Amino acid sequence: MKIDRLIGILSVLLQKENTTAPELAEKFEVSRRTINRDIEALCKAGIPIQTTQGVGGGIRIMEGYSMDRTLLTSKDMKMIMAGLRSLDSVSGSHYYSQLMEKIKPGSSEVITGSDAILIDLSSWNKEATAPKVSLIQDAIEDRRLISFTYYAPSGDSKREIEPYYLIFKWSSWYVYGFCKLRKDFRMFKLNRMDKIIVSQSVFEMREVPAPDLSGEILYSKNIEITALVEPDMKWRLVEEFGPHCYKELSNGKLLFQGFYTDMEGLLSWILTFGDKIEILEPFKVREELLSMVTKIKKVYEKGKV
């Protein structure tokens with residue numbers, strides 16, 4: 001639709017200092033003649049657009065112009081506010097709330113009945129996460145290296161990376177960047193990072209591959225398990241694996257089948273069920289679990305008076 005294309009062109013012009021008709025034509029998959037007509041339509045609508053010919057020329061919006069809120073629908077504004085409010089939930093400053101004040105009449109602290117989407121990106125340890133998000137965000141914008149201590153199941157390590165993206169996924173915050181130690185792109189969990197230092201060294205932008213957010217790499221299906229689960233734990237299975245991960249047996253118990261990434265994580269997960277679960281397969285998991293419970297029993301027997 002023409003109106004969608006006009007709004008799209010205006011969005012590009014507001015984000016870029018200068019562009020050209022061929023660039024816009026390629027982006028919106030129309031002819032240069034169509035783009036010229038669209039630019040003319042935007043000018044008639046009161047958008048102050050300048051066009052210049054020759055080397056260094058192009059299409060730009062006059063300096064100092066800002067988009068009128070009337071160009072955004074009520075739904076557009078609600079989505080923007082939901083996004084800004086979600087970022088403010090983890091921000092260590094008041095930047096996003098101040099931005100909300102600019103584009104929404106009234107206080108940004110007021111939530112009305114029309115605010116249908118509320119997103120909180122903070123974690124239980126917001127006091128530790130928010131400063132990290134702010135620090136890394138500044139490093140990304142300034143193209144500065146960051147170094148930190150990283151705690152992982154394989155052990156502690158010192159890392160230095162070129163940060164490119166902050167990512168919120170799997171209920172946690174991550175930074176995606178080029179790791180100097182591994183000489184490859186890696187994702188690091190902010191909660192496992194400590195002693196973050198932003199270097200004065202500026203790095204040169206690389207060609208950055210899109211981070212794999214499918215979960216197949218970090219959460220690969222390495223161990224297939226079958227278990228009997230008590231019916232009062234159905235909510236756990238549905239929450240973590242979906243409503244189709246089990247079959248209800250005639251005795252009321254749930255026959256669960258699923259996958260897990262690693263043995264250590266799997267054993268920890270099983271223990272959170274207490275006596276509400278029995279692993280049927282693989283047998284190795286039963287052996288590992290029995291060994292772990294035996295060790296735990298010995299620890300507590302030592303403490304008996």
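Note that the structure is a prediction, hence the values are computed from the model and not measured. Because only heavy atoms are used, hydrogens play no part in the values below, and waters and symmetry mates are left out as well, while side chains stay in.
Between the side chain of Ser172 and the backbone N or O of Phe168 there is no donor-acceptor pair closer than 3.5 Å. Lys132 contributes a side-chain N or O that, together with a main-chain N or O of Leu190, makes up a donor-acceptor pair within less than 3.5 Å. Remark: the backbone N or O of Met205 is not paired with any side-chain donor or acceptor of Arg143 at under 3.5 angstrom. Checked by atom type and distance alone, the side chain of Asp142 never pairs as donor or acceptor with a backbone atom of Arg144 at under 3.5 Å. Within the 3.5 Å criterion, the main-chain N or O of Leu280 finds no donor-acceptor partner in the side chain of Thr226.
Minimum interatomic distance between Gly58 and Thr20 (heavy atoms only, all atoms of both residues): CA-CG2, 4.5 Å. Between Tyr164 and Gly177, the closest heavy-atom pair is CD1-CA, 4.0 Å. Of all heavy-atom pairs between Tyr260 and Gly265, the closest is CE2-C, 3.4 Å. Between Asn36 and Ala21, the closest heavy-atom pair is OD1-CB, 4.1 Å. Summarising the geometry of Glu248 relative to Tyr246, their closest heavy-atom pair is N-CD1, 4.2 Å, with the distance given to 0.1 Å. Across all their heavy atoms, Ala139 and Pro163 have their closest contact at CB-CG, 4.2 Å.
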Task: side-chain contact (heavy atoms from CB on, under 4.5 Å) evaluation trace for Phe185 with Val208 - done: CA-CA 8 Å; Phe185 289 91; Val208 187; 3.8 Å; yes

- [ ] Could you go through the side-chain contact (heavy atoms from CB on, under 4.5 Å) check for Met193 and Lys189 one step at a time?
- [x] CA-CA 7 Å; Met193 295 168 62; Lys189 197 171 188 176; over 6 Å; no

Open item on the list: Is there a salt bridge (Lys or Arg N to Asp or Glu O under 4.0 Å) between Arg236 and Glu240? Walk through the geometry before answering.
Closed with: CA-CA 6 Å; Arg236 280 281 307 272; Glu240 298 175 28; 2.6 Å; yes

- [ ] Quick one: do Val133 and Leu166 satisfy side-chain contact (heavy atoms from CB on, under 4.5 Å)? Show the steps, please.
- [x] CA-CA 8 Å; Val133 170; Leu166 269 169; 4.0 Å; yes

Task: Worked check of side-chain contact (heavy atoms from CB on, under 4.5 Å) between Val285 and Ile270 - done: CA-CA 10 Å; Val285 174; Ile270 294 170; 3.8 Å; yes

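Hydrophobic clustering (ILVMFWY, side-chain heavy atoms < 4.5 Å, transitive): Leu249 and Ile225 are in distinct clusters. Met292 and Tyr300 end up in the same hydrophobic cluster when Ile, Leu, Val, Met, Phe, Trp and Tyr side chains are linked at under 4.5 Å. A single hydrophobic cluster is seen to contain both Val293 and Met263, as judged by linkage of ILVMFWY side chains at heavy-atom distances under 4.5 Å, directly or through other members. Residues Leu181 and Met187 are members of separate hydrophobic clusters, defined by side-chain heavy-atom contacts under 4.5 angstrom among Ile, Leu, Val, Met, Phe, Trp and Tyr. Linking ILVMFWY side-chain heavy atoms closer than 4.5 Å, directly or via other members, places Leu228 and Trp235 in two distinct hydrophobic clusters.
Sorted by first and then second residue, the side-chain hydrogen bond (donor to acceptor under 3.5 Å, both in side chains) pairs with a member in residues 197-208 read Glu162-Arg206, Ser199-Ser201; sequence neighbours excluded.
Residues Gln50 and Ile61 have side chains not in contact (no heavy-atom distance under 4.5 Å, counting atoms from C-beta outward). Side-chain contact check for Phe188 versus Arg192: every heavy-atom pair is 4.5 Å or farther apart. The shortest side-chain heavy-atom distance between Val198 and Asp138 does not fall under the 4.5 Å cut-off. Put simply, the side chain of Leu145 reaches to within 4.5 Å of the side chain of Lys180, judged on heavy atoms. Residues Pro209 and Tyr176 meet the side-chain proximity criterion, which asks for heavy atoms closer than 4.5 Å.
Lys234 pairs with exactly one of Val238, Asp232, Leu237 by the side chain to side chain contact (heavy atoms under 4.5 Å, CB included) rule, that one being Val238.
For the atom pair CD1 of Ile161 and CD1 of Ile146, the computed distance is 4.0 Å after rounding to the nearest 0.5 Å. Rounding to the nearest 0.5 Å places CG of Asp194 at 6.0 Å from OG1 of Thr149. Residue Tyr150 holds its OH atom at 8.0 Å from CZ of Arg159, rounded to the nearest 0.5 Å. To the nearest 0.5 angstrom, Ile35 atom CD1 is 5.0 Å from Leu24 atom CG. To the nearest 0.5 angstrom, Ile59 atom CD1 is 7.0 Å from Thr51 atom OG1. Atom-to-atom distance recorded for Ile9:CD1 and Thr34:OG1 is 9.5 Å, nearest 0.5 angstrom.
Here Glu288 does not pair with Lys284 in a salt bridge; the nearest charged N to carboxylate O distance is not below 4.0 Å. Between Glu281 and Arg286, none of the side-chain N atoms (NZ, or NE/NH1/NH2) sits under 4.0 Å from a carboxylate O, so this pair counts as no salt bridge.
Under 3.5 Å, the side chains of Ser291 and Thr294 contain no donor-acceptor pair of N or O atoms. Remark: the Ser147 side chain and the Lys158 side chain contain no N/O donor-acceptor pair separated by less than 3.5 Å.
Counting non-hydrogen atoms of neighbouring residues, nucleotides and ligands closer than 6.0 angstrom, the CD atom of Glu141 exceeds 12 such neighbours. By the 6.0 Å contact criterion, CD on Glu287 is enclosed, its count of non-hydrogen atoms from other residues, nucleotides or ligands being greater than 12. No more than 12 heavy-atom neighbours from other residues, nucleotides or ligands sit within 6.0 angstrom of CD on Glu264.
Take Phe256 and apply the ring-ring contact (aromatic ring centres under 6.0 Å, His included) test, not counting sequence neighbours, and it matches Phe241, Trp269.
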